[in-house]
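This report refers to the structure that appears directly beneath it.
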Amino acid sequence: MFTRTDDKITTAQTVVIISCYMLGSGVLTLPRTLTERVKTADGWISLIVGGLIVLLAGICIVKLCQQYPGKTIYQFVQEIVGSWIGSCLSTLMILYFVAISAFQIRVMAEVTKLYLLEGTPMWVIVMSFMWIGLYLITSGINSMARLFEIILPITIVVLLICMFLSSEIFEIDNIRPVLGEGILPVLRGLRSTVFVFIGYEIMFILPAFMQHPKKGVKAMIIGTSIPLVMYMITYIMVVGALSVDGVVRSTWPTLDLMRSFEITGLLFERFEFFLLVIWIMQIFSTFTITFYAASMGLAQLSKRNIQPIMYGLIPIIFIVALLPKNMNEVFDFGDFIGSVSIYLFGLLPVVLLLITKIFKKGALKEDG
Amino acid sequence: MWQTIVSYIPDWIVFVQALVLLIVPIIIYFTSKWLQSALGSLTSEGTTTENKSEENTPEDGKAEAEDNAPFTGEYVTDLASIKNRIAKNCDVHFREFTMANGKKAAIIYVEGLYDKELIEVQVMKSLMFDDVEETEKPSDETKITKTYLMNKMLPISEIREALNLQQVVSDILVGSTAMLIDGIVEVLLLGSATGKTRSIEEPLSEGLLRGPRIGFTEILSDNTAILRRHGKNESLELIKFQVGTRAKKDLVVAYMNDIVNSELLEEVKRRIESINMDYLPESGYVEQLIEDNSLSPFQQAQNTERPDRVINSLLEGRVAILLDGSPFALIVPVTFSMLLQSPEDYYERWIPGTLLRMLRFLATFFALFAPALYISFISYHPGLIPTKLVMSIIEARQGVPFPSLIEALIMETSIEILREAGVRLPKPIGPAMGIVGGLIIGDAAVNAGLVSPFLVIVVAVTAISSFAIPSYSAGITLRLLRFLAMFCAAVLGAYGTVLFFLLLFSHLVKLKSFGVPYISPISPYRLDDWKDFIFRLPFKVMKRRPLLMKTKDSDRKK
């Protein structure tokens with residue numbers, strides 16, 4: 001055919017998918033979760049360090065995937081550790097992806113209910129959102145990548161404009177002194193920063209779809225730096241404007257920042273609407289990619305067609321999303337996913353990489 | 001432990017919702033599957049019925065055999081067989097005469113289609129008054145051969161021969177004049193149809209201030225001639241197809257042979273050959289029969305009356321399809337940005353060209369989302385509008401008895417009706433109707449308290465914006481989608497609008513026109529193509545053809 005019919009993505013699209021995945025619910029909550037742990041204004045250093053750690057883990061993942069070109073984690077993990085443990089790991093990962101997509105939807109529904117649609121039942125918000133997500137993912141990763149390519153620039157531009165406008169109430173004193181209480185607070189914050197960078201694990205799957213899997217590391221680096229910069233700007237602006245105490249007290253500090261100033265003379269005086277719009281889009285991208293990753297895992301594990309699995313996963317994700325009873329439980333759920341992520345995707349790639357390096361060396365040489 | 005787990009088991013209503021969540025997309029999936037197969041089988045059904053008619057009765061077979069039998073060369077029998085076949089038609093005329101050498105001859109023509117002057121002056125005169133010099137006459141008077149006729153007696157450029165009845169009859173009916181001469185086996189077909197045609201005019205649907213004032217007409221040969229006249233260019237190739245099973249029509253596929261991607265060309269040819277329809281009155285039929293997705297609201301081929309646009313597209317590596325009888329040429333593959341571009345962007349300097357394009361993208365946004373945003377802000381989020389503005393809007397809406405959706409629907413529907421009426425009305429009444437409809441009804445509706453003045457502004461801006469889109473067909477699509485956006489906004493406010501945006505783009509990223517992603521070059525990113533997208537950079541920068549076309553020759557300069 002005139003264009004490729006195989007479902008491949010370019011390097012730029014890989015970058016965009018990673019970035020879109022990472023820029024999820026974190027934009028709204030990151031300043032609070034981070035400040036709660038750090039308790040000083042040094043969270044931005046934690047962010048950089050956390051970003052670097054995630055980047056390292058991500059590069060490990062890419063290196064691992066490059067050993068098995070054209071295969072996703074679900075396919076090659078059984079080759080590394082045997083079919084039993086491999087299946088268990090795959091199932092864990094699928095559960096993890098289902099949990100993340102459910103979590104994202106729930107957070108989105110909560111915020112939408114709070115700020116945009118008071119009184120609308122949660123299931124209406126969630127259902128319409130999930131159907132559109134399903135419509136998108138049934139057409140494969142390439143279409144998703146193309147949609148993300150539209151969403152990401154809009155997100156970056158709107159976020160930057162919002163942050164730029166809030167510079168009016170920014171006070172540099174709020175984020176000083178740098179490292180006033182030493183390095184310890186920074187280390188305390190690492191855990192929550194790693195959580196906002198959830199998304200690097202998608203590289204377990206993406207290299208199988210890349211046109212040039214060799215450029216995986218490059219894609220990983222750029223894909224991580226875009227959210228890193230965005231998060232840094234957000235964090236500094238929010239903490240700078242609301243101060244450490246103010247941030248800790250609010251549930252959605254970034255939205256409160258947007259509500260705390262008004263700019264007269266423009267068509268709109270308040271900008272939280274725009275922030276919410278891009279944020280809903282980002283949640284949509286995170287939801288669809290995790291939904292896709294989970295269905296892909298189930299499809300490859302059970303060696304079935306992916307389409308019916310996508311349809312079948314919808315009610316499961318829906319029920320999981322409605323399990324937490326209130327906002328606090330939602331955040332606990334999020335923390336739990338974060339910890340799982342650290343163990344599952346922080347340690348696992350290193351272990352797997354070691355196993356491959358030690359045991360599979362001979363096998364690889366034979367292939368080459 | 002058990003207690004906590006139980007407390008997390010959701011209510012039965014959640015399970016019902018989950019079931020609904022699952023069933024609705026499955027129903028939609030099967031409905032669309034069924035629709036697609038129903039749409040796809042339209043053509044295959046056509047073939048089965050056709051086969052039936054072919055094997056209908058033995059009489060038909062007999063008639064066909066007669067059709068394919070060669071002429072005998074005997075004047076009386078041949079004439080009789082032709083007469084038997086088409087003499088019932090009131091517009092077919094038989095003119096019998098005797099040639100200068102005493103042989104019998106007949107001319108058969110269709111009134112209004114045949115070339116009267118050619119036949120009278122060049123054919124009949126030279127045959128009836130034999131003024132050929134004695135010496136050149138054949139020695140044997142009775143032996144006038146076909147070659148002799150063609151070489152010496154008929155000073156006409158367009159002569160064809162036909163050997164059997166079928167050929168003759170079909171050619172006579174499309175406007176050729178047949179000549180039957182006693183003693184000659186072949187029937188000569190002279191000239192071609194010269195029916196009344198329209199002169200070349202400025203295209204009505206795509207007016208430009210600057211640019212060629214030439215538009216396609218209904219005559220295929222004129223249109224191909226216009227394309228040929230664009231400049232000395234050997235690479236322009238025009239291939240002819242015949243489409244339509246009952247009434248055959250010519251269809252020309254035009255392309256630049258050293259630019260176009262050959263796989264694309266093959267795909268276009270394949271789809272045209274698979275057209276199965278008894279008659280194609282307009283290129284819109286072709287467009288709908290070769291498109292990728294019949295369920296999409298978006299057009300998948302661009303129609304244009306402008307030859308300059310076609311030539312520009314050919315040079316970008318696209319393929320044009322021209323159908324006889326239609327002034328609209330089709331350009332494939334199409335991308336969404338093409339629909340928002342006008343040839344004038346290139347004719348004017350690049351700075352105004354760029355600004356005009358940005359304006360059109362903005363207009364598209366308004367045409368799609370303005371009423372939806374109005375509804376969602378008024379009904380759901382008045383707090384997001386500046387306080388002073390919201391005060392004045394609410395004050396203006398005080399007497400309006402309807403929710404904002406009904407209010408917007410009243411105005412939008414009436415303006416759509418108005419526009420539809422304006423197209424049908426005779427030209428002198430059209431503008432008057434616009435004034436009566438737009439101004440008076442709008443004003444009266446506001447005074448009567450049916451709608452708020454602010455909404456009138458929104459609707460007017462929307463309507464004007466949708467007129468700013470250069471392609472009429474794209475405008476219709478946007479008008480249609482606008483109503484969908486309004487309903488989404490009415491149900492879920494700004495959230496619904498965002499969801500509509502996501503749904504729209506989810507559909508757009510899926511859509512392909514002849515294998516080219518519909519919204520490229522927005523995505524996948526092809527930064528080189530961005531030079532001619534929202535921006536129209538100077539020609540010195542635009543050195544390459546669009547990458548997305550995967551052309552054979554990517555360089556615009558040699």
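Just so it is clear: chains get the letters A, B, ... in the order the sequence lines come, proteins before strands, and each one is counted from 1. Keep in mind that the numbers below use all heavy atoms, side chains included, and drop hydrogens, waters and symmetry copies.
Of all residues spanning residues 121-136 of chain A, those with a heavy atom less than 4.5 Å away from chain B's heavy atoms are W123(A), V124(A), I125(A), M127(A), S128(A), F129(A), M130(A), W131(A), I132(A), L134(A), Y135(A), L136(A), arranged by number.
Contacts between I278(A) and chain B at a heavy-atom distance below 4.5 Å are absent for every atom of the residue. For I28(B), no part lies under 4.5 angstrom from a heavy atom of chain A. Contact of E272(A) with chain B is made through the side chain alone, with heavy-atom distances under 4.5 Å.
Between the CE atom in M108(A) and the OH atom in Y495(B) there is a gap of 3.5 Å [rounded to 0.5 Å]. Note that the OG atom of S139(A) and the NE2 atom of H507(B) stand 10.5 Å from one another [nearest 0.5 Å]. With values rounded to the nearest 0.5 angstrom, I319(A) atom CD1 is found 9.5 Å from L19(B) atom CG. Atom CD in Q17(B) sits 4.5 Å away from atom CZ in F318(A) (nearest 0.5 Å). The distance from atom OG of S143(A) to atom CG of L508(B), rounded to the nearest 0.5 Å, is 11.0 Å.
Heavy-atom pairs under 4.5 Å with chain B peak, among L117(A), L323(A), T288(A), at L117(A). The most heavy-atom pairs under 4.5 Å with chain A, out of V24(B), V491(B), L502(B), V498(B), come from L502(B).
Remark: K218(A) NZ is loosely packed, at most 12 non-hydrogen atoms of other residues, nucleotides or ligands lying under 6.0 Å away. Annotation: F361(B), atom CZ; neighbour count of heavy atoms from other residues, nucleotides and ligands within 6.0 Å is above 12. Residue M391(B) qualifies as open at atom CE: its count of foreign heavy atoms under 6.0 Å is 12 or below.
Side-chain contact between T138(A) and K510(B) is present, with at least one heavy-atom pair separated by less than 4.5 Å. Residues L492(B) and T112(A) fail the side-chain proximity criterion, which asks for heavy atoms closer than 4.5 Å. You'll find the side chain of S376(B) stays beyond 4.5 Å of the side chain of F273(A), heavy atoms only.
Residue L116(A) comes nearest to A494(B) through the heavy atom pair CD2-CB, 4.4 Å, listed as atom of the first residue, atom of the second, then distance.
With sequence neighbours excluded, the residues forming a ring-ring contact (aromatic ring centres under 6.0 Å, His included) with F505(B) are F501(B), listed by chain and number.
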